[in-house]
Amino acid sequence: MGTRMITSTTEGAQMSTKKIAARAALAACLLWTAAFPALAANTLKDVRYAAGSGGKVDITFEFEQPVGAVNAFTTDVPPRIAIDFPETGNGFDARRLAVGSGAASAVSVVEAGGRTRAVVDLFRNAGYTTRSNGNLLVLSLEPGAAASSATAVAASPNPAKRLDSGIRVSAVDFRRGEDGSGRVILRFNQEGAQASLRRDGDRLYVDVENAQLPVDQARRLDVTDFATPVTRLDPTSKDGGTQLVIATEGLYETSAYQTGNEYVLEVTPKGAATAAVGQVGAASQPQRYTGKPVTFNFQDVPVRTILQLVAEESGLNIVAADTVQGNLTLRLINVPWDQALDVVLRAKSLAKRRDGNVVWVAPQDEIAAFEKAREQARIDLEGKAELVNEIIAINYANAEEIATLLTDGSKSGGGGGSAGGGDEGGFLSGRGSVSFDTRSNTLLIADTARKVEAIKSLVAVLDRPVDQVLIEARIVIAQESFAREVGARFGLSGQESDVVVSGSTESNRNYLNGVANANAALARYQFELDLYNQAIANGETATRPSLPNTPLPTFTNILSTRFANNTASALAFTILGNELDLDIELQALQEEGRGEVVANPRVITANQREAIIKQGDEIGYVTITGSAGAQTATVQFKEALLELKVTPTITQDNRVFLALGVKKDEVAGFISVPGGGSVPQITKREVTTAVLINNGQTVVVGGIYEFEKREDLSKVPFLGDIPGLGNLFRNKARESEKAELLIFVTPRILQVAGASR
């Protein structure tokens with residue numbers, strides 16, 4: 001495969017901008033004209049200039065014979081005009097003519113391959129016209145207006161006459177780049193469009209003098225919604241050509257390039273990254289270009305000439321394959337040189353590979369074939385390499401798991417195993433194998449030396465201790481209860497009949513009879529006491545009577561069921577009359593209760609390893625099976641546990657992801673089983689969840705809140721509804737219970753020296 005080397009020397013890299021540009025132009029001329037050897041049919045005899053009014057300059061080229069067709073093109077950075085005279089020799093003695101007037105700096109002349117090129121170096125971009133008169137060709141330079149686009153003129157009596165080139169604008173398109181840039185695309189029906197860019201305030205002007213604008217393309221495009229520096233596009237016809245006016249806002253940078261039948265202008269906000277135009281074989285992510293901005297304006301120039309200019313600007317050594325051929329029409333304005341190189345490569349289906357300061361350029365298929373052949377040679381060589389054996393001791397990991405990772409296959413075998421051979425798979429070569437010994441936790445590797453070293457490096461990364469995590473859970477069960485009862489009961493009875501308002505008739509009669517007996521005993525005691533006192537006052541001897549032991553009876557079965565054992569909550573008394581007895585009982589009770597249960601399980605485990613901790617009882621119970629006379633008693637057990645089950649995963653940002661389950665069981669009672677025995681009733685509290693928590697942070701992973709409220713009312717019909725007085729004929733009871741379950745979790749990372757995650 002033949003290649004040609006295009007280099008840039010250190011001396012050339014240190015030249016001034018003008019010298020580099022001049023050298024690039026001369027080198028391009030040599031490369032270009034060398035490809036077209038011919039016999040010179042005319043000769044350039046002299047070059048002179050004359051300064052005109054208003055800063056204009058006329059440069060005159062004198063030949064031995066009348067001038068034929070000439071080709072001219074321009075470059076903007078550095079500004080220059082190049083004119084090619086085909087089949088013309090150079091008879092001008094001085095190779096460089098200093099001008100220093102108007103916009104012209106100097107004129108350089110060089111001959112190669114039967115052609116002569118004149119390069120006019122400019123102080124600034126300037127428009128120009130050419131006219132021929134016999135054996136004279138006059139180049140007239142303007143004082144320094146916007147640079148005109150490249151022109152190709154032929155000697156004719158009326159060179160100013162513009163002919164229809166047949167080029168039309170086929171589409172005006174706009175796209176938004178990933179970096180917020182606006183991309184304006186002008187498409188033409190054929191190649192050869194000559195576009196130039198200039199800026200005036202907040203407007204950009206793209207002039208295409210040799211392309212006409214169809215009526216259907218002369219429409220304004222409002223692109224404000226794209227959020228780029230470009231707000232509006234106005235294509236119009238001007239002097240037989242096309243002018244695209246681009247309205248902009250804000251600070252921005254511009255770059256433009258032209259390949260084939262497309263002209264692309266990118267308007268990028270200042271500070272935004274420059275996105276890649278595209279590179280063969282590159283990653284899908286945008287590429288950042290950092291090269292020095294350049295401007296190229298070429299019409300049908302050999303690709304090898306453009307590569308030479310890129311080499312001069314970049315300071316790289318570019319090696320072009322012999323198969324890099326063809327010409328290219330290219331216009332790049334203020335584009336980084338590395339982006340310009342990618343544009344050229346993409347336009348000609350070329351690719352590049354860089355090794356240090358040397359860049360190899362060749363067709364894509366050629367580079368792909370070379371790399372494929374090189375890789376195949378490496379594989380063939382590796383397939384014949386000698387196998388080596390290596391024993392690798394595993395300290396923290398599991399040898400079998402690492403063997404599975406290396407081979408990406410399943411392993412089996414008591415106390416050891418092996419795998420390998422066959423096709424290339426995992427981290428082993430096609431002839432490699434790996435064995436493991438579970439007793440000593442060791443790997444045995446058989447493979448090429450290169451593969452063995454790679455596996456050792458991998459094992460060194462995998463065989464490291466891991467951080468540990470302390471997980472602390474707190475289970476809080478809070479209970480609260482409240483009860484209050486207020487009311488009254490009445491009982492009425494008489495000597496002839498029993499009248500009952502509240503309570504049972506029998507209990508009221510017995511109560512009243514007991515009261516009557518107690519009152520009679522007290523009356524008899526009082527009478528005997530009076531006789532005793534009178535005898536003592538008369539000086540007589542008497543015996544003091546004893547106090548009767550007759551207790552006052554109480555109400556029975558009139559307290560509420562809830563407060564039957566709390567006699568202090570009720571006050572009962574009787575009002576006695578001659579024929580009617582009234583029994584009254586007043587009730588009032590308030591009861592409050594609060595309780596709290598806290599469980600605090602803790603456990604430590606390694607990263608991504610499950611841990612379980614539990615505490616509790618096994619509740620035994622008896623069940624009876626079989627029929628009468630042949631029954632069998634069976635003892636069984638049921639667990640009532642406090643349990644924490646958790647698997648932690650430490651993230652790269654030093655947080656902990658927990659997959660956990662927390663359970664708290666209690667025995668609520670026993671349920672009798674028909675036929676004998678009983679079964680325990682378990683109260684279960686459990687949560688299963690996954691949560692991401694900061695190191696050392698406490699979070700509530702679950703909670704249950706229960707609330708029960710009850711109100712009861714007992715009353716005497718009609719009497720209990722009387723305002724005020726009705727309180728004596730009704731009984732109110734109110735109960736409320738609250739229960740709350742909260743589960744807190746706190747993970748703490750316990751870092752281990754040299755640990756991996």
Side-chain angles (χ1 to χ4, degrees), residues 18 21-22 25 29 42-86 88 90-92 94-110 115-163 165 194-198 205 207-210 238-241 243 295 297-299:
K18 286 187 178 181
C29 177
N42 201 349
T43 303
L44 176 62
K45 296 173 55 179
D46 188 23
V47 180
R48 55 185 179 272
Y49 74 93
S53 60
K56 295 184 178 180
V57 178
D58 290 337
I59 301 176
T60 303
F61 300 92
E62 182 180 354
F63 301 87
E64 287 186 348
Q65 301 177 17
V67 182
V70 298
N71 295 323
F73 65 91
T74 64
T75 61
D76 292 339
V77 181
R80 67 166 71 95
I81 301 172
I83 305 176
D84 287 332
F85 306 104
T88 301
N90 182 20
F92 182 52
R95 301 180 63 87
R96 181 176 178 82
L97 173 65
V99 179
S101 178
S105 172
V107 180
S108 301
V109 181
V110 64
R115 292 193 177 194
T116 297
R117 170 173 291 184
V119 178
V120 181
D121 295 328
L122 305 176
F123 293 119
R124 55 191 175 274
N125 291 330
Y128 69 92
T129 59
T130 59
R131 64 181 185 274
S132 61
N133 184 10
N135 62 342
L136 298 179
L137 177 68
V138 180
L139 173 67
S140 298
L141 288 176
E142 298 296 329
S148 174
S149 61
T151 58
V153 297
S156 64
N158 187 13
K161 182 179 179 181
R162 177 174 295 170
L163 301 177
S165 63
Q194 300 172 356
S196 62
L197 174 68
R198 59 188 175 90
Y205 297 88
D207 296 312
V208 190
E209 298 180 354
N210 63 338
K238 181 179 180 181
D239 299 335
Q243 183 180 74
T295 296
N297 187 359
F298 300 121
Q299 296 288 335

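Here, residue 1 is the first one in the sequence, and each next residue gets the next number.
Taking CG from L141 and CZ from F123, the interatomic distance works out to 11.5 Å, rounded to the nearest 0.5 Å. Rounded to the nearest 0.5 Å, atoms CD1 (I83) and CG (L139) are 4.5 Å apart. Here CG of N135 is found 9.5 Å from CD of Q65. Values are rounded to the nearest 0.5 Å. The OG1 atom of T129 sits 8.0 Å away from atom CG of D58, with the distance rounded to the nearest 0.5 Å. Between atom CD1 of residue I59 and atom CG of residue L137 there is a gap of 10.5 Å, rounded to the nearest 0.5 Å. Here T88 contributes atom OG1 and R117 contributes atom CZ; the two are 13.0 Å apart, rounded to the nearest 0.5 Å.
Listed here is the closest heavy atom pair of T116 and L44: CG2-CD2, 4.3 Å. In terms of heavy-atom proximity, E142 sits nearest to Y128 at CG-N, 4.5 Å. Closest non-hydrogen pair, D121 versus S108, comes out as OD2-OG, 4.4 Å. Of all heavy-atom pairs spanning R48 and L97, the tightest one is CA-CD2, 4.1 Å. A pairwise comparison of heavy atoms in R80 and V119 identifies CD-CG1, 3.7 Å as the closest pair. The two residues A195 and V208 make their nearest non-hydrogen contact at CB-CG2, 3.8 Å.
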Problem set entry | Derivation and outcome, side chain to side chain contact (heavy atoms under 4.5 Å, CB included), residues S140 and K56 | CA-CA 7 Å; S140 298; K56 295 184 178 180; over 6 Å; no

For this session: I would like to know whether V138 and N133 meet side chain to side chain contact (heavy atoms under 4.5 Å, CB included); could you show each step before the answer?
Result: CA-CA 8 Å; V138 180; N133 184 10; over 6 Å; no

Exercise. Could you go step by step and tell me if V107 and Y49 meet the side chain to side chain contact (heavy atoms under 4.5 Å, CB included) rule?
Worked result: CA-CA 10 Å; V107 180; Y49 74 93; over 6 Å; no

For this session: Start with the C-alpha distance between N42 and E64, add both sets of side-chain angles, then the distance that settles side chain to side chain contact (heavy atoms under 4.5 Å, CB included), and finish with yes or no.
Result: CA-CA 6 Å; N42 201 349; E64 287 186 348; 3.9 Å; yes

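One N or O on the side chain of R124 and one on the backbone of P143 form a donor-acceptor pair closer than 3.5 Å. In this structure a side-chain-to-backbone donor-acceptor pair under 3.5 Å is present from N90 to F92.
Contact check on R115 versus D84 returns no salt bridge, with no Lys/Arg side-chain nitrogen under 4.0 Å from an Asp/Glu carboxylate oxygen.
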